[in-house]
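Chain naming here is simple, since letters A, B, ... match the order of the sequence lines and numbering starts at 1 in each. Side-chain atoms are counted along with the backbone in the values below, which use heavy atoms only and exclude waters and symmetry mates.
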Protein chains: 4
Amino acid sequence: MESTRDKIIQAAVTLFVQQGVASTTTREIAALAKVAEGSIYRYFSSKEELAWQIFRDYHHQLAATLQEIAEQPVSIREQITNLVVSFLQLADDDWVLFQYYLIAQQKYMHKIDANLLTPYQVIIDIIEQGIKQRLIRSNDPQILAAMAMGAVNQVAINKQFKRIDGPLSVHSKTVSNVICRMLLSENMD
Amino acid sequence: MESTRDKIIQAAVTLFVQQGVASTTTREIAALAKVAEGSIYRYFSSKEELAWQIFRDYHHQLAATLQEIAEQPVSIREQITNLVVSFLQLADDDWVLFQYYLIAQQKYMHKIDANLLTPYQVIIDIIEQGIKQRLIRSNDPQILAAMAMGAVNQVAINKQFKRIDGPLSVHSKTVSNVICRMLLSENMD
Amino acid sequence: MESTRDKIIQAAVTLFVQQGVASTTTREIAALAKVAEGSIYRYFSSKEELAWQIFRDYHHQLAATLQEIAEQPVSIREQITNLVVSFLQLADDDWVLFQYYLIAQQKYMHKIDANLLTPYQVIIDIIEQGIKQRLIRSNDPQILAAMAMGAVNQVAINKQFKRIDGPLSVHSKTVSNVICRMLLSENMD
Amino acid sequence: MESTRDKIIQAAVTLFVQQGVASTTTREIAALAKVAEGSIYRYFSSKEELAWQIFRDYHHQLAATLQEIAEQPVSIREQITNLVVSFLQLADDDWVLFQYYLIAQQKYMHKIDANLLTPYQVIIDIIEQGIKQRLIRSNDPQILAAMAMGAVNQVAINKQFKRIDGPLSVHSKTVSNVICRMLLSENMD
DNA sequence: GATGAATGAGAATTCATTCAT
DNA sequence: AATGAATGAATTCTCATTCAT
């Protein structure tokens, strides 16, 4: 049996993805979660706090998972491949939550402590390493990281737009190959 | 002297980008535009309609511009380069409006008549042409298009996130090179 | 060619009857009258004043007509008959304006100078005369007048309700007979 | 202790009678009812719906009461007398609500299901019965019903106009006598 | 005289939040 | 812990009125 808190989070994230945070009412959340409106306030001090906590918690989980993968002592190509595979797998694992993460980034990313790990920072690190080791062409790492991250993100976004369907992980191979081609100097595909 | 309608649009877009449509009040729009709140309703039947019309009009303008560029009878590499250059230039030309376009897509793209031209369709067409002519590796065109589009978009998004500053067009060369490397079979860079 | 003022009155009264004064907008009046919204204010200081003037003018016209009829030196039965006939004829003559009069009475009647003539006063006078001359049974003249007036008014109201159709004056004979029976001691029908 | 819903209805009716529905604000209703403005919307979806429900509920109550009286197996004269007495009594019982009913009829009567019972239908039925039994002179029943109903209504309206004061039921005898004289062939008074 | 864009006060309605039960 | 009625500030939108042209 799901806890009241979990029912609220589940309902909230579903509605936030469909309508945005601002347009989702606490009444709707309570109705979908099948709890009383007042119960939301036993677990979260405000709707805004609820939206933020869901983002923050998922962000930390995501960042930790990706960091762990990035730390494996493997070739840069394998690092990139592993990251792409994991990222798409995480999207598939909780598609609603992942969508919320994509949408909520713009609003909440700046509240994430800059000293903490972010998926973006993981990528930057790899790229800077790669450039130092001359495995990645010498380009602005910010631009390369943006493009790599954007290329993967947009695959997920296009699933939102229903231009792609089914699980994202079936495209892992294609996506990681393209990312490698984008970044790595030598093409071995 | 700017028309009342234009002042409203200008103010609205600015605030929509900063706060989102739902969290922007008509009072704020009117204040920034220096018009009466009621004047908004002489030109737009609702705040929602205002948000939609701004999106729709810019979308059509964008799609038309990109289509025109895509129709030039040049090599695929030049086509891609021209599109990237123009896209980043359009972002620089009206950065606020462009940001709004990025944000509002998720909400409004599905209201755009699917038979009409979209930037995304322009890219799909080029990629499908490229695959047929064996200039682009045979991969799912939907995935390639998503990745190419996402890679460029994210450069703009990272400017929003202040991870990049200055005009985007200074990065045209880098970005178009990376996109070509993503898509084209033979690398001539 | 109708004057602007008349076009406004005509449009206003039509809408007032359909929707009530409060729910009719100056924009609607202007649109129906095919004049500019601002033009209303050249002739009337406010919407409220417009509504009041239409009522007041028609009231005076009505009162004067009925008073004239009541002054004819004829039998009381003829007086009553003549009043009923004229009243229903006036309703037919300008049905829209007459409906407005029925509706607006509750709101504006108290603003009519009590010293001036009202249709109601005309009836009271006749009834009091009739009682003095023992032609009308000795009952509270206020009650009798109310009932007589209400009986005639309601015929008009039931036309509004579409329970009766066609011109009201075709029912003059029936109505005046019933009124006479209500009021007069001796029945000669 | 009165329920919130009842306080709202009570306040609303009072103000609707004084000012009309359109000119009464939700703020005024809330203030008079001593509840928050928002509470109105827990019980009624809009001000309009509130106005309509009050009318509809009282209408059904009125119709049911009068129907019950009309069904008593007594002489037509007694039927009429009983109806008049009850009607005036109902007006006295809740004078504010009754006034609202008189005023709101024009707006809402057409929304009442025509198949359901109305006070007017009760009267029509009696008159048609009376004509068949030759107790009522053969005249258009619609006209007779209108006149009878109007004669009684107007007594109430004249109380509104302050031309009559005190409870209406003190005039029951006079009014029912006059109504009988209007309708019945043989006069036995 | 006529126009209609602009105004801004005020209306209806919504909704996050509180709190007595 | 859970409920849901009540709150009232804030929001969107309306509309009578003004005024420059």
Engineer: Could you state the NZ-C1' distance from K34(C) to dT3(E), rounded to the nearest angstrom?
Structural biologist: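 After rounding, the gap between these two atoms is 17 Å.
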Engineer: Between dA2(F) and T4(A), is there an OP1 or OP2 to side-chain N/O distance shorter than 4.0 Å?
Structural biologist: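 Yes.
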Engineer: Can you tell me how far C1' of dT14(F) sits from CD of E28(C), to the nearest Å?
Structural biologist: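 Roughly 11 Å, once rounded to whole Å.
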Engineer: Distance-only, no hydrogens or angles: does the K107(C) side chain make a donor-acceptor pair with backbone N or O of W52(C) under 3.5 Å?
Structural biologist: no
Engineer: Once you apply a heavy-atom cut-off of 4.0 Å, does S3(C) come out as touching a base, just sugar-phosphate, or nothing?
Structural biologist: nothing
Engineer: Give the minimum heavy-atom separation between A156(B) and W95(B), together with the two atoms involved.
Structural biologist: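 Nearest pair, atom of A156(B) first, then W95(B): O-CH2, 3.2 Å.
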Engineer: Whether T26(C) contacts dC15(F) is assessed here as follows: a side-chain N or O lying under 4.0 Å from the phosphate OP1 or OP2. Is that the case?
Structural biologist: no
Engineer: Once you round it to whole Å, what is the distance between P of dA6(E) and CG of D6(B)?
Structural biologist: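 Going from CG in D6(B) over to P in dA6(E) covers 11 Å.
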Engineer: Send over the distance from I8(A) CD1 to dA16(E) C1', rounded to a whole Å.
Structural biologist: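 Nearest whole value for this atom pair: 14 Å.
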Engineer: Do L50(D) and V21(D) have side chains that approach each other closer than 4.5 Å (heavy atoms only, starting at C-beta)?
Structural biologist: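 No, side chains not in contact.
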Engineer: Under 4.5 Å between any side-chain heavy atoms of M109(C) and H59(C), yes or no?
Structural biologist: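 Touching, per the 4.5 Å side-chain cut-off.
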Engineer: With the threshold set at under 4.0 Å for non-hydrogen atoms, list the residues of residues 36-54 of chain D touching DNA chain E in residue-number order.
Structural biologist: E37(D), G38(D), Y41(D), S46(D), K47(D)
Engineer: Select base, sugar-phosphate, or nothing to describe what T24(A) touches, counting heavy atoms under 4.0 Å on all strands.
Structural biologist: sugar-phosphate
Engineer: Are more than 12 heavy atoms from other residues, nucleotides or ligands located less than 6.0 Å from atom CD of Q10(C)?
Structural biologist: no
Engineer: Hey, does Q160(A) have a side-chain heavy atom less than 4.5 Å from the side chain of I157(A)?
Structural biologist: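 Yes, their side chains come closer than 4.5 Å.
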Engineer: Give the rounded distance in Å between these two atoms: NZ of K7(B) and C1' of dT7(E).
Structural biologist: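 Rounding to the nearest Å, NZ of K7(B) and C1' of dT7(E) are 12 Å apart.
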Engineer: Can you give the donor-acceptor pairs under 3.5 Å from side chains of residues 30-43 of chain D to other protein atoms, not counting sequence neighbours?
Structural biologist:
residue, atom, partner, partner atom, Å
E37(D), OE2, T26(D), OG1, 2.8
E37(D), OE2, R27(D), N, 3.4

Engineer: Between A22(D) and V35(C), which residue's closest nucleotide on DNA chain E lies nearer the 5′ terminus?
Structural biologist: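 It is V35(C), whose closest nucleotide lies nearer the 5' terminus.
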Engineer: Would you mind pulling out the nucleotide paired to dT11(F), Watson-Crick or G-U wobble, both distances under 3.5 Å?
Structural biologist: dA12(E)
Engineer: Only pairs with both distances under 3.5 Å count, Watson-Crick or wobble alike; so what is the partner of dA20(F) in this structure?
Structural biologist: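 With both distances under 3.5 Å, dA20(F) matches dT3(E).
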Engineer: For the P atoms, the ones on dT21(F) and on dG1(E), what distance do you get once it is rounded to whole angstrom?
Structural biologist: 22 Å
Engineer: Quick one: R27(C) CZ to dT7(E) C1', roughly how many Å, whole number?
Structural biologist: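 Answer to the nearest Å: 13 Å.
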Engineer: Less than 4.0 angstrom between a side-chain N/O of T25(A) and OP1 or OP2 of dC15(E), yes or no?
Structural biologist: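 For dC15(E), neither OP1 nor OP2 has a side-chain N or O of T25(A) closer than 4.0 Å.
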